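If you read the sequence from its start, that first residue is 1, and numbering goes on from there. Quick caveat: nothing in here was measured; it's all calculated off a predicted structure.
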Amino acid sequence: MALYAIGDLHLSLTANKSMEVFGPAWENYVARIGQSLEKLTEEDTLILAGDTSWGIDLEEAEADFKFIDQFPGKKYLIKGNHDYWWTTASKFHRFCEEKEIRTLELLHNNSASYGEYAICGTRGWFLEEDQKPHNAKVLNRELIRLETSLQAAGDRPILCFLHYPPLYQGYQCPEILELLEKYQVKMCCYGHLHGPTIRRRIEGERKGIDFSLISADHLCFIPKIICE
């Protein structure tokens, strides 16, 4: 029994947007993901930290969901900036029921449990968003979602998963970092960084929080063990 996490699978079994165009690091990535997920057991839990499927809607993402669903264990999905298929929790759950997808859940405005820990998360906020109109509105929405998730943890120690990094070299989101500190988050894992930007990651302990990059190409498509 273990808790694993990985982000940015960028599956495209129907959407035909293979990440292999980005070079050798992504060669045969779908097969490599499958080989890693085969090692999960029914007692394991896997956090998918955003950008799971390139599908533009649930129907186009169906093949990607079924690919993940075939492997053992429970999976929790967090929204990424490229998860265009993302919809309401009720629509997603109804879709999964109709398509007999049994192991996928959304982590969104809620928390989940793993042993003594609360699992929390949301998409988060990143510098890229600051270049777009209405950035304050989007940031505030993400802060509300994150705090709603953190509040749902109650008194349990918190493991938090974001798609966007809350900090990396030359950048930080003080509002999100403040919430992580306020709720005494033990660990914060994030994705989104690929290729050359990986070297700008910040990992390790900062103010009592253990930060870790879990984007798929950084992990060589092998989910990171968070705890056992």
Exercise. Can you check side-chain contact (heavy atoms from CB on, under 4.5 Å) on Phe95 and Ile101, steps first, answer last?
Worked result: CA-CA 8 Å; Phe95 177 83; Ile101 297 171; 4.3 Å; yes

Problem set entry | Ser149 side chain vs Gly121 backbone, donor-acceptor pair below 3.5 Å | yes

For this session: Determine, step by step, whether Ser212 and Lys224 satisfy the side-chain contact (heavy atoms from CB on, under 4.5 Å) criterion, reporting the C-alpha distance in whole Å, the side-chain angles of both residues, the deciding distance to 0.1 Å, and the verdict.
Result: CA-CA 10 Å; Ser212 184; Lys224 177 183 178 70; 3.2 Å; yes

Seminar exercise, completed: So CG of Leu77 and CD1 of Ile68: to nearest 0.5 Å the spacing works out to 6.0 Å

Exercise. Hey, does Leu162 have a side-chain heavy atom less than 4.5 Å from the side chain of Cys189?
Worked result: no

Exercise. Are the side chain of Tyr190 and the backbone N or O of Ala49 linked by a donor-acceptor pair below 3.5 Å?
Worked result: no

Exercise. Do Asn109 and Thr148 have a side chain donor and acceptor closer than 3.5 Å?
Worked result: no

Problem set entry | Backbone of Lys74 reached by a side-chain donor or acceptor of Thr103 within 3.5 Å | no

Exercise. Under 6.0 Å from the CD atom of Glu178, do we count more than 12 heavy atoms belonging to anything else shown?
Worked result: no

Exercise. With the 4.5 Å side-chain cut-off for hydrophobic clustering, are Leu40 and Ile225 part of the same group?
Worked result: yes

For this session: State, yes or no, whether a side-chain contact exists between Phe161 and Tyr76 at a heavy-atom distance under 4.5 Å.
Result: no

For this session: State whether the side chain of Glu20 and the backbone N or O of Asn28 hold a donor-acceptor pair below 3.5 Å, judged by distance alone.
Result: yes

Exercise. Hey, what's the ring geometry for His194 with Trp26, parallel, tilted or perpendicular (30° and 60° as the breaks)?
Worked result: perpendicular

Exercise. What about Met187 and Leu3, same hydrophobic cluster or not, with Ile/Leu/Val/Met/Phe/Trp/Tyr joined at side-chain heavy-atom distances under 4.5 Å?
Worked result: yes

Problem set entry | Closest non-hydrogen atom pair between Ala5 and Ile214, with its separation | CB-CD1, 3.7 Å

For this session: Could you check if a side-chain atom of Ser113 sits within less than 4.5 angstrom of a side-chain atom of Arg156, using non-hydrogen atoms only?
Result: yes

Problem set entry | Nearest heavy-atom neighbours spanning Cys188 and Leu180 | SG-CD1, 3.9 Å

For this session: Using modelled atom types only, decide if a donor and an acceptor are shared between the side chain of Thr88 and the backbone of Lys91 within a distance under 3.5 Å.
Result: yes

Exercise. Is it true that atom CD of Glu97 has more than 12 heavy atoms of other residues, nucleotides or ligands lying nearer than 6.0 Å?
Worked result: no

For this session: Report, as yes or no, whether the 6.0 Å neighbourhood of atom CD on Gln184 holds more than 12 heavy atoms from other residues, nucleotides or ligands.
Result: no

Problem set entry | Exercise: identify the closest heavy-atom pair between Pro165 and Tyr171 | O-CE2, 3.7 Å

Exercise. Between Gln169 and Arg199, what is the shortest heavy-atom contact and its length?
Worked result: NE2-O, 3.3 Å

For this session: Test Phe211 against Leu177 for side-chain contact (heavy atoms from CB on, under 4.5 Å), laying out the working first.
Result: CA-CA 11 Å; Phe211 291 93; Leu177 293 173; 3.8 Å; yes

Exercise. Atom CH2 of Trp85 and atom CG of Asp57: how far apart are they, to the nearest 0.5 Å?
Worked result: 11.5 Å

For this session: Check the pair Val30, Phe67 against side-chain contact (heavy atoms from CB on, under 4.5 Å), reporting the backbone distance first and the verdict last.
Result: CA-CA 10 Å; Val30 176; Phe67 173 79; 3.9 Å; yes

Exercise. Has the side chain of Arg200 got a donor or acceptor atom that lies under 3.5 Å from a matching backbone atom of Thr197?
Worked result: no

For this session: Tell me whether Met1 is reachable from Phe71 by hopping between hydrophobic residues (I, L, V, M, F, W, Y) whose side-chain heavy atoms are closer than 4.5 Å.
Result: yes

Exercise. If you measure only the distance, is there a donor-acceptor pair under 3.5 Å linking the side chains of Glu142 and Thr122?
Worked result: yes

Exercise. Mind checking whether Tyr164 and Val185 sit in one hydrophobic cluster, side chains of I, L, V, M, F, W, Y counted as touching below 4.5 Å?
Worked result: yes

Exercise. So, Arg206 side chain and Leu167 main chain: donor-acceptor pair closer than 3.5 Å or not?
Worked result: no

Problem set entry | Ala2 backbone acceptor or donor facing Asp44 side chain under 3.5 Å | yes

For this session: Apply salt bridge (Lys or Arg N to Asp or Glu O under 4.0 Å) to Glu62 and Lys99, showing your working.
Result: CA-CA 8 Å; Glu62 178 182 350; Lys99 302 300 182 179; 3.8 Å; yes

Exercise. Is there side-chain contact between Leu213 and Ile202, with at least one heavy-atom pair below 4.5 Å?
Worked result: no

Exercise. Can Ile222 be reached from Leu193 by stepping across I, L, V, M, F, W or Y side chains whose heavy atoms are under 4.5 Å apart?
Worked result: no

Problem set entry | His108 side chain near Arg123 side chain, heavy-atom distance below 4.5 Å | no

Exercise. Would you call Glu105 and His93 a side-chain contact if the rule is heavy atoms closer than 4.5 Å?
Worked result: yes

For this session: Decide yes or no for Phe92 and Leu58: does some side-chain heavy atom of the first lie under 4.5 Å from some side-chain heavy atom of the second?
Result: yes

For this session: Please check if any side-chain donor atom of Glu147 sits under 3.5 Å from a side-chain acceptor atom of Tyr183, or the reverse.
Result: yes

Exercise. Got a second to check how far Lys75's NZ is from Asp69's CG, nearest 0.5 Å?
Worked result: 5.5 Å

Problem set entry | Approximate separation, where rounding is to 0.5 Å, of His192 NE2 and His82 NE2 | 7.5 Å

Exercise. Is there a donor-acceptor contact under 3.5 Å from the side chain of Asp83 to the main chain of Gly80?
Worked result: yes

For this session: Can you spot which of Ile78, Ile6, Leu104 makes a side-chain contact (heavy atoms from CB on, under 4.5 Å) with Leu48?
Result: Ile6

Problem set entry | Atom pair CG (Asn81) and CG (Asp8), whose distance is rounded to the nearest 0.5 Å | 8.0 Å

Seminar exercise, completed: On a heavy-atom basis, the closest approach of Thr14 and Ala63 is OG1-CB, 3.4 Å

Problem set entry | Which atom of Tyr29 lies closest to which atom of Leu9, heavy atoms considered | CE1-O, 3.2 Å

Problem set entry | Spatial distance of atom CG (Leu13) from atom OG (Ser53) [nearest 0.5 Å] | 8.0 Å

Exercise. Side-chain contact, heavy-atom cut-off 4.5 Å: Pro223 with Leu37?
Worked result: yes

